[in-house]
Amino acid sequence: MLKNGEKIILYHGSYLIVENPNLDFCNAYKDFGKGFYLTTDKKQAERFAVLVSRKKGITTKFVNIYEFTYSNELSLKEFIYPDKEWFRFVCSNRSKKCSKLNPLTKDNDIYIGKIADDNTAIVINNFINGVYGSINNEKTMNFAIKLLKTNKLTNQFCFKNDKSLKHLKFIKAEVIDD
């Protein structure tokens with residue numbers, strides 16, 4: 001858990017330089033819902049920049065680097081493991097079909113937890129679409145979570161509102177070369 005005043009470096013991969021993140025341009029239906037996503041893993045941010053630039057048909061790729069200063073005034077929810085609580089929350093954000101699975105409120109300023117990469121996204125989508133069985137069945141959920149734990153998952157930070165974004169300081173953007 002972060003301590004008041006603690007500073008960490010976070011990375012955001014994009015086809016743009018993002019000096020001032022704007023939540024209006026963020027997509028919904030992501031792991032932790034609509035928000036500005038970052039990671040402590042620079043390589044993960046680089047991979048995301050390559051992926052998103054390819055999807056957009058754009059050749060520019062950047063890793064935006066920020067200093068985040070944690071404050072006790074921020075409400076934060078951290079998922080330590082990709083467990084049932086994390087799984088329910090991610091599924092409920094990715095699909096309206098799963099909205100009743102989530103016992104958590106979605107009103108924290110920041111969420112931290114494992115990222116559902118391409119491999120885990122397949123498992124989550126299969127779960128949501130009933131491939132493993134009913135989404136309301138505990139055994140089905142346990143089976144899907146067991147499949148996820150075999151993957152190496154990196155972390156993500158989701159900044160949900162302007163209050164949280166004020167604690168990010170843009171440092172610089174680095175160009176990613178092919």
Side-chain angles (χ1 to χ4, degrees), residues 1-2 8 10-15 18 21-56 63-64 66 68 70 74-132 135-136 140-165 167-168:
M1 186 59 107
L2 295 169
I8 58 173
L10 296 174
Y11 304 95
H12 174 79
S14 181
Y15 61 94
V18 185
N22 183 335
L23 296 172
D24 292 335
F25 296 106
C26 298
N27 296 322
Y29 302 109
K30 298 225 172 209
D31 291 354
F32 299 151
K34 186 174 183 173
F36 186 66
Y37 284 78
L38 303 104
T39 180
T40 59
D41 184 345
K42 188 175 183 182
K43 293 287 184 201
Q44 174 66 27
E46 290 172 359
R47 287 188 296 271
F48 185 78
V50 169
L51 178 71
V52 73
S53 66
R54 280 187 189 146
K55 283 183 179 179
K56 295 275 187 186
V63 170
N64 295 277
Y66 304 85
F68 168 55
Y70 178 70
L74 297 169
S75 61
L76 183 139
K77 171 63 180 166
E78 183 172 10
F79 298 96
I80 305 296
Y81 303 104
D83 56 12
K84 284 183 187 178
E85 182 184 40
W86 172 86
F87 189 79
R88 285 182 174 120
F89 191 67
V90 169
C91 289
S92 71
N93 283 307
R94 285 182 164 240
S95 173
K96 289 181 183 178
K97 289 184 202 176
C98 297
S99 62
K100 292 181 181 174
L101 290 178
N102 179 32
L104 296 174
T105 61
K106 296 181 183 182
D107 58 359
N108 286 296
D109 299 315
I110 299 172
Y111 290 89
I112 303 171
K114 301 299 182 186
I115 186 169
D117 63 11
D118 290 344
N119 294 326
T120 57
I122 291 168
V123 173
I124 290 169
N125 289 337
N126 284 344
F127 172 81
I128 290 168
N129 292 318
V131 172
Y132 308 130
I135 62 172
N136 296 313
T140 302
M141 186 179 303
N142 289 337
F143 176 76
I145 291 169
K146 187 175 180 181
L147 291 175
L148 292 176
K149 290 187 178 185
T150 62
N151 297 313
K152 181 183 178 214
L153 303 176
T154 58
N155 69 9
Q156 61 186 339
F157 286 63
C158 178
F159 288 67
K160 302 288 284 181
N161 52 40
D162 290 334
K163 176 182 172 184
S164 61
L165 290 174
H167 295 268
L168 278 180

Hey, would you say the [X] and [Y] ring centroids sit under 6.0 Å apart?
X    : Y    : value
H12  : F36  : yes
F127 : Y132 : no
F89  : F79  : yes

Sub-4.5 Å side-chain heavy-atom contact between [X] and [Y]:
X    : Y    : answer
Q156 : I112 : no
E46  : V50  : no
K84  : I145 : yes
M141 : K146 : no
D107 : S75  : no
Y37  : K30  : yes

With the threshold set at 4.0 Å, does a side-chain nitrogen-carboxylate oxygen contact exist between D109 and K163?
-> yes
Does E78 come within less than 4.0 Å of K114, counting only side-chain N to carboxylate O?
-> no
N/O donor-acceptor pair under 3.5 Å between [X] side chain and [Y] backbone:
X   : Y   : answer
S95 : C91 : no
D41 : K43 : yes
D83 : W86 : yes
Y15 : L51 : no

Flag if over 12 foreign heavy atoms under 6.0 Å of NZ, K56 | no
Looking at every non-hydrogen atom in both residues, tell me the closest pair between [X] and [Y] and how far apart they are.
X    : Y    : answer
S164 : I110 : CB-CG1, 3.7 Å
R94  : Y29  : O-CD2, 3.8 Å
N22  : C26  : O-SG, 3.8 Å
A49  : S14  : CB-N, 3.5 Å
L23  : N161 : CD1-CA, 3.3 Å
G35  : C158 : CA-SG, 3.7 Å

Under 3.5 Å, is there a donor-acceptor pair between the K34 and N93 side chains?
-> no
What pairs with T40 under side chain to side chain donor-acceptor pair (under 3.5 Å), at least two apart in sequence or on another chain?
-> N155
Roughly how far, to the nearest 0.5 Å, is the [atom2] atom of [Y] from the [atom1] atom of [X]?
X    : Y    : atom1 : atom2 : answer
K160 : N108 : NZ    : CG    : 9.5 Å
I8   : L2   : CD1   : CG    : 5.0 Å
N64  : L168 : CG    : CG    : 11.0 Å
I124 : D31  : CD1   : CG    : 6.0 Å
F48  : T154 : CZ    : OG1   : 11.5 Å
I135 : R88  : CD1   : CZ    : 11.5 Å

What do the steps show when you test Y66 against L38 for side-chain contact (heavy atoms from CB on, under 4.5 Å), and what is the final call?
-> CA-CA 9 Å; Y66 304 85; L38 303 104; 3.4 Å; yes
Between F68 and F159, is a ring-ring contact (aromatic ring centres under 6.0 Å, His included) present by the stated rule, with each step listed?
-> CA-CA 11 Å; F68 168 55; F159 288 67; 5.1 Å; yes
